[in-house]
Protein chains: 2
Amino acid sequence: MTSRTTDPGRPLRADAQRNRVRILAAAEEVFAEYGVAASTEEVAARAGVAIGTVFRHFPTKNDLLAAIMKGVLAGLVEEAATLGGDNSDGTGLFTFFARTVEQAATEKAVADLLARTGVEIQLPELLDVLGEAVHGLLRQAKAAGTVDRQVRLPEVMALLASTCQGALNGGWDAELRERTLAIIFAGLRPGAPR
Amino acid sequence: MTSRTTDPGRPLRADAQRNRVRILAAAEEVFAEYGVAASTEEVAARAGVAIGTVFRHFPTKNDLLAAIMKGVLAGLVEEAATLGGDNSDGTGLFTFFARTVEQAATEKAVADLLARTGVEIQLPELLDVLGEAVHGLLRQAKAAGTVDRQVRLPEVMALLASTCQGALNGGWDAELRERTLAIIFAGLRPGAPR
DNA sequence: TTGCAAAGTGAGTCCAGACTCATTATCTTC
DNA sequence: GAAGATAATGAGTCTGGACTCACTTTGCAA
C-alpha cells in the first residue's frame, strides 16, 4: 500500500462523504491548473472547507496527489481502451497520442504525471497499466501497418511523456502541437527513412 | 538589463574576483546536479564561502541562475556554431540534437533551461540566440537534403526541448535515448510519410 | 431527544530556503 | 604600514507551505 487515505472499515458520515468528493474535485481543478506545486491551502479554499479537513481525508499532500493521479491515469487508460476497441484501422495510437498531448497542454497534472514530477508515491505499477493499454494500441497499429514493426513500447512512452512535458512547459499552441506531432508520427510510420 | 550582478565600474578586489569564480563553478555543478531547485546554501557550501558572499555577488538566486544559464546557453550556441562550420554534409543538426539531449540527461540545468522552468528571468532573447544557431544547422540540413523542407524551426526547437526534459525526468538510458531519437530523426528526414 | 463518536475548524507549529546586516577581516593605496 | 574602502561572515529575519491539535460542530444510533 503506497497511499493512505484514512480508511477505517466504517462507512463515512454523510458530511465527510460530501466533503471528500468536494476536495477531490477541487484538487483536480487546482492541480490541473497549477501543477503539483499548488498549495493544499488553495485546494481547501476551492473546496470550501478548512485546511484541516483536507488533511483529515488525505494525511499528506502526497496522498491527495496520488488520489488525483490515479483518476487521471484511469481516464487515460480508459481512453486508450476505447480507442483500441473501435479502431482496427491502426490509427488509435496516433489519436491517443494527440489527445493526451493536447490534454497535457491544458492540464498540468497530466504532464506532471507523465514526468513523475513531485509525486513521491510509487506510481510505477500505475504507469505500467497505462503502458499496457498503449502497448495494445501499438500492436494494433503495427498489425494495421501504420507503425513500423521496429518501434517498441519504451520509446513510444518516452516520446509521449516528453511531448506532454514540452507542450505544457513550452506553451505550444495548436499549430505547433500539430507540426511537432506530425514529425513524430512520420517517424513512427513504416517506411520512414532509418 | 534583466540580470543584476552588483557591477560597479571599479574592478573587483582580488579576493572578490576569486570568490566569484568559485561561486560560479560551484553553482554550475550544483544546478547541473540538482536542477534549479537546489538551494543557495548548497552552492555557498560547495564554493567554500559564506552564504552572504553569494548574495553579495548575485543579489538574488535568480541572478545567479541567470548567470549560469547564460553560460550553458553559450556552450550550446558554440557547439551549434562549430557543428555548422565543419559539417556541410547536413548531419550537424542531428549531431547537435543528440549531444544536447545526452547532456540534458546528465545536467538538470540544461533541461531546466530548455523547459524555462524556475528561472524567472527573461531568457527569450537568449533562447533566440540559440534558436538562430539551430536555424543555421536546420538550413544546412535542408540544403544537404537530410531534413525535409517542410520542417520549420519552431517544431525542431519544440522537439529538442521536450526530448531534453523527457530524457532527464524519465531517466532514459543510452539505448532508449538512441531509439527515441531515431524515431524523431526519421520523422525529420525528407521522404518520411506525411 | 439525546449522547457521543466522527468530522470540521483554523490558529498555531515547524521547517526550509531566500535574503539581510552588524560585525569582522582583507585588500589596496599612499 | 596605517587608513579607509571593499568584501566576507553567519546568525538572524521573513515568508510560504505542510502539517497539528484543542476545541467546536454535526450526524446518527438508540
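Residue numbers start from 1 in every chain, and the chains themselves are labelled A, B, ... in the order their sequence lines are given, proteins ahead of strands.
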field: Separation of atom CD1 in Ile23(A) from atom C1' in dT9(C), rounded to whole Å
entry: 12 Å

message: Whole angstroms only, please: what is the OH-C1' distance between Tyr34(B) and dA16(C)?
response: 16 Å

Give the table of side-chain donor-acceptor pairs shorter than 3.5 Å for residues 25-38 of chain B, with sequence neighbours excluded, one pair per line with atom names and distance.
| unit_1 | atom_1 | unit_2 | atom_2 | d |
| --- | --- | --- | --- | --- |
| Glu29(B) | OE1 | Arg46(B) | NH1 | 2.9 |
| Glu33(B) | OE1 | Arg46(B) | NH1 | 3.4 |

message: If the condition is side chain to side chain contact (heavy atoms under 4.5 Å, CB included), which residues does Leu168(B) pass it with, not counting sequence neighbours?
response: Lys108(B), Ala111(B)

Under 4.0 angstrom between His57(B) side-chain N/O and dA8(D) OP1 or OP2: yes

message: Protein within reach of the bases, or only the backbone? For nucleotides 18-30 of chain D, mark each nucleotide 5' to 3' as B, S or -, using heavy atoms under 4.0 Å.
response: SBB-----BSS--

query: With Gln17(B), which residues qualify under side chain to side chain contact (heavy atoms under 4.5 Å, CB included), at least two apart?
result: Leu12(B), Val21(B)

- prompt: Has Asn19(A) got a side-chain N or O lying under 4.0 Å from the OP1 or OP2 atom of dG8(C)?
  reply: yes

query: So, is Thr53(A) near the phosphate of dT9(C), with a side-chain N or O under 4.0 Å from OP1 or OP2?
result: yes

message: Measure CG/Leu64(A) against C1'/dG17(D) and give the value in whole Å, please.
response: 14 Å

- prompt: Angle class for the Phe94(A)/Phe185(A) ring planes (parallel below 30°, perpendicular above 60°, tilted otherwise)?
  reply: tilted

- request: Kindly give the cluster partners of Leu176(B), where membership spreads through any ILVMFWY side chain lying under 4.5 Å from a current member.
  value: Trp172(B)

message: From CD of Gln17(B) over to P of dT28(C), roughly how many Å is that when rounded to an integer?
response: 11 Å

field: For Ser39(A), side chain to side chain contact (heavy atoms under 4.5 Å, CB included) partners two or more places apart
entry: Glu41(A), Glu42(A)

